[in-house]
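To start, the structure under review is shown below, and the notes come after it.
All figures in this text were calculated on a predicted structure; none of them were measured in a lab.
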Amino acid sequence: MTVVTRFAPSPTGFLHIGGARTALFNWLYARHTGGKFLLRIEDTDRARSTQTAVDAILDGLSWLGLQWGGDVLYQFQRAGRHAEVAHQMLAAGKAYHCYASPQELDEMREAQKRAGVPIRYDGRWRDRNPADAPPGVAPVIRLKAPHGGQTVIQDAVQGTVTVENAVLDDMILLRADGTPTYMLAVVVDDCDMGVTHVIRGDDHLNNAFRQLQIIRAMGWPEPVYAHIPLIHGTDGAKLSKRHGALGVDAYRDMGFLPAALRNYLLRLGWGHGDDEIISTAQAIDWFDLAGVGRSPSRFDAMKLTNLNAHYLREAPDAELLPLVLPRLEKKLGREVDAVGRTRLERGLNGVKQRSHTLVELADKLVFYAGHGAPAIADDKARAQLTPDSKALLMRLAASLDGVADWTDKPLEDAVRRFAEAENVKLGQVAQPLRVALSGSTASPGIFEVLAILGADETRTRLLAAGG
RNA sequence: GUCCCCAUCGUCUAGAGGCCUAGGACACCAGCCUUUCACGUUGGUAACACGGGUUCGAAUCCCGUUGGGGACGCCA
């Protein structure tokens with residue numbers, strides 16, 4: 001049997017980190033088993049669904065590298081099919097019309113709340129004669145759920161979960177306006193799409209029992225359920241669009257790499273021994289449902305950042321350059337010219353070793369991209385440029401004029417000899433020099449910076465700082 | 001309120017009854033390396049929520065307590 005998984009977000013907002021992980025797990029499981037990963041947009045709530053949100057979700061998944069198979073299925077377009085199933089159930093006596101008005105049901109729930117009894121539909125139209133139907137009221141169709149016994153789910157993550165049927169009420173399948181509810185639509189679509197494994201957040205665990213009742217009423221094959229624990233914010237509460245969650249686009253803007261986010265998300269709720277750095281290929285090979293933990297986890301930006309720094313260091317320069325270039329040009333307010341580009345190509349490796357995000361990478365790279373004296377980063381850097389050190393830099397500029405081979409090693413020799421001649425420690429020359437060239441007290445190796453900037457640019461910056 | 005789920009360092013986790021004096025990673029602290037910052041490396045602080053069982057033996061199994069989370073819509 002070919003495994004079919006799906007990710008089924010509702011387009012009411014961006015793709016947040018929890019949804020991204022759900023998508024990742026579904027994608028990984030499909031890839032691991034050689035199955036298919038499908039995408040379905042649950043847009044049956046016409047009032048809240050937007051095209052902007054659909055685009056954000058599609059963009060987010062693409063950026064994350066989670067390619068879905070086939071066309072995107074839009075749930076609303078299948079409303080006819082959903083209604084058809086509801087009517088089949090009606091005809092088969094598995095469902096019934098309910099004429100209770102929304103206000104009436106609100107009152108019912110209020111009364112239940114006051115009485116301290118479970119809040120659920122009381123089945124007032126379940127066995128009532130249809131002849132009692134009030135005139136002019138469009139009914140909803142409700143599932144005639146089994147009364148006795150219990151419903152049991154063998155969840156691939158949660159294990160055996162049992163619920164008494166008595167606590168499950170007769171949910172609405174088809175609204176008064178003839179549109180399907182989520183419960184019906186999910187089940188019909190999963191069945192028609194041939195979904196074999198439903199991997200989703202465990203906020204859906206309770207829904208699974210209701211969905212199973214529909215599936216059984218229709219006599220359809222039951223999927224394997226895998227309800228993965230939710231991701232919580234640092235306060236321990238469910239992460240949602242309304243509560244602290246950011247869209248994956250926000251992480252892209254913050255300079256995180258898709259590979260890092262995938263690795264981080266994978267480790268949130270799933271483990272494979274002591275492994276931490278897990279490539280996507282490795283993840284596909286290793287991923288299984290049995291390794292998914294059962295307790296909720298909290299989002300830890302520090303760990304993501306650490307992982308991102310790792311993937312940044314590992315990434316080929318050619319891959320990174322196009323990603324930082326736009327950020328650099330935004331900083332400079334102009335295009336990076338050919339000279340700047342060459343320096344970036346040579347300097348990228350040294351800087352990426354020292355960066356955690358693309359944002360940081362761009363910050364630390366900007367001195368290579370521009371011309372003339374760099375902006376001084378902070379007071380610590382400014383403090384390096386004393387009258388004494390400025391004078392020293394002027395003498396250094398003169399001394400460096402004699403360097404014929406403007407590369408790392410000869411430059412290092414020259415600077416060391418200069419320090420010796422001045423009778424100061426190397427650091428006493430290196431730090432002011434670093435600030436003069438890069439604008440900061442922290443940079444790649446100073447001789448590398450010297451070499452990449454070139455003799456002319458170095459001289460320009462030295463004179464600017466010394467004068 | 002009712003139902004469901006969960007519980008190992010601050011965080012993510014390893015742990016399938018003896019391999020546990022509880023391992024790894026992030027973060028934090030100290031040392032080394034060093035032209036700065038990183039990287040790297042060495043060491044350190046830090047956890048089985050509590051109470052009962054079962055067992056020769058429990059972080060691991062059972063029950064309860066406490067705590068946390070989720071769900072109870074003509075939302076998805």
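- Along RNA chain B, the nucleotide nearest A:Trp270 and the nucleotide nearest A:Gly427 are compared for position; the residue whose nucleotide lies closer to the 5' end is A:Trp270.
- For the C1' atoms, the distance linking B:A27 with B:A47 amounts to 15 Å, nearest Å.
- Residues in residues 411-439 of chain A take part in no ring-ring contact (aromatic ring centres under 6.0 Å, His included) pair, two or more places apart or across chains.
- Between A:Thr12 and B:C75 there is no side-chain N or O to OP1 or OP2 distance below 4.0 Å.
- Spacing of C1' atoms, B:C61 relative to B:C74, comes out at 46 Å, to the nearest Å.
- Across the P atoms, B:G23 and B:A46 are found 12 Å apart, a figure rounded to whole Å.
- For the C1' atoms, the distance from B:A16 to B:C20 is 15 Å, rounded to whole Å.
- Summarising the geometry, the separation between CG on A:Asp106 and P on B:C75 is reported as 12 Å, rounded to the nearest angstrom.
- The side chain to side chain contact (heavy atoms under 4.5 Å, CB included) check on A:Glu276 picks up A:Arg267, A:Lys303, with sequence neighbours excluded.
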Listed pairs, N/O of protein and of nucleotides 71-73 of chain B, under 3.5 Å:
residue	atom	partner	partner atom	Å
B:A71	OP1	A:Lys238	NZ	2.8
B:A71	O4'	A:Asn206	ND2	3.4
B:C72	O2'	A:Ile119	O	2.9

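- Looking only at atom types and distance, the side chain of A:Gln75 has no donor-acceptor partner in the side chain of A:Arg78 under 3.5 Å away.
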In residues 421-428 of chain A, what donor-acceptor pairs under 3.5 Å come from side-chain atoms, sequence neighbours left out?
residue	atom	partner	partner atom	Å
A:Glu422	OE1	A:Arg395	NE	3.4
A:Glu422	OE1	A:Arg395	NH2	2.9
A:Glu422	OE2	A:Arg395	NE	2.8
A:Gln428	OE1	A:Lys425	N	2.9

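- A search for side chain to side chain contact (heavy atoms under 4.5 Å, CB included) contacts involving A:Tyr74 returns A:Ile41, A:Asp43, A:Val54, A:Leu58, A:Val72, A:Gln77, not counting sequence neighbours.
- Atom name P, nucleotides B:C12 and B:C48: the rounded distance is 16 Å, in whole Å.
- Residue-level contact check: A:Phe447 touches the bases, meaning some heavy atom is under 4.0 Å from a base atom.
- The aromatic rings of A:Tyr99 and A:His97 lie tilted to each other, with the angle between the two planes from 30° to 60°.
- Ion pair A:Arg416/A:Asp413 not flagged as a salt bridge, since none of the NZ, NE, NH1 or NH2 atoms sits closer than 4.0 Å to an Asp/Glu carboxylate oxygen.
- Within 3.5 Å, no donor on the side chain of A:Arg294 pairs with an acceptor on the base of B:C6, nor the reverse.
- Annotation: B:G70 and B:C32 have their C1' atoms spaced 49 Å apart (nearest Å).
- Evaluation of the side-chain hydrogen bond (donor to acceptor under 3.5 Å, both in side chains) rule for A:Glu164 yields A:Gln150 as partners, not counting sequence neighbours.
- Residues satisfying the side chain to side chain contact (heavy atoms under 4.5 Å, CB included) test with A:Arg128, not counting sequence neighbours, are A:Trp125, A:Asp132.
- For A:Leu205, taking side-chain heavy atoms from C-beta onward, the closest of the listed nucleotides B:C37, B:A76, B:C5 is B:C5.
- Residue contacts shown for A:Ser295 are limited to sugar-phosphate atoms, with no base heavy atom under 4.0 Å away.
- There is no side-chain donor-acceptor pair under 3.5 Å between A:Asp388 and A:Thr386.
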Reading nucleotides 18-34 of chain B from 5' to 3' and marking B where a protein heavy atom lies under 4.0 Å of the base, S where only the sugar-phosphate is that close, and - otherwise, the string is -----BBBSS-------

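- RNA chain B is contacted by A:Ala430, A:Gln431, A:Arg434, A:Thr441 of residues 430-441 of chain A, taking any non-hydrogen atom closer than 4.0 Å.
- Applying the ring-ring contact (aromatic ring centres under 6.0 Å, His included) rule to pairs touching residues 146-193 of chain A yields A:Tyr182-A:His204, sequence neighbours excluded.
- No donor-acceptor contact under 3.5 angstrom links the side chains of A:Asn26 and A:His197, judged on distance only.
- Taking the six-membered ring for Trp, A:Phe299 and A:Tyr264 have ring centres closer than 6.0 Å.
- Sorted by residue number, the list of members of residues 362-370 of chain A with any non-hydrogen atom under 4.0 Å from RNA chain B is empty.
- Neither OP1 nor OP2 of B:A38 sits under 4.0 Å from any side-chain N or O of A:Ser355.
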Protein and nucleotides 44-46 of chain B: nitrogen or oxygen contacts under 3.5 angstrom:
none

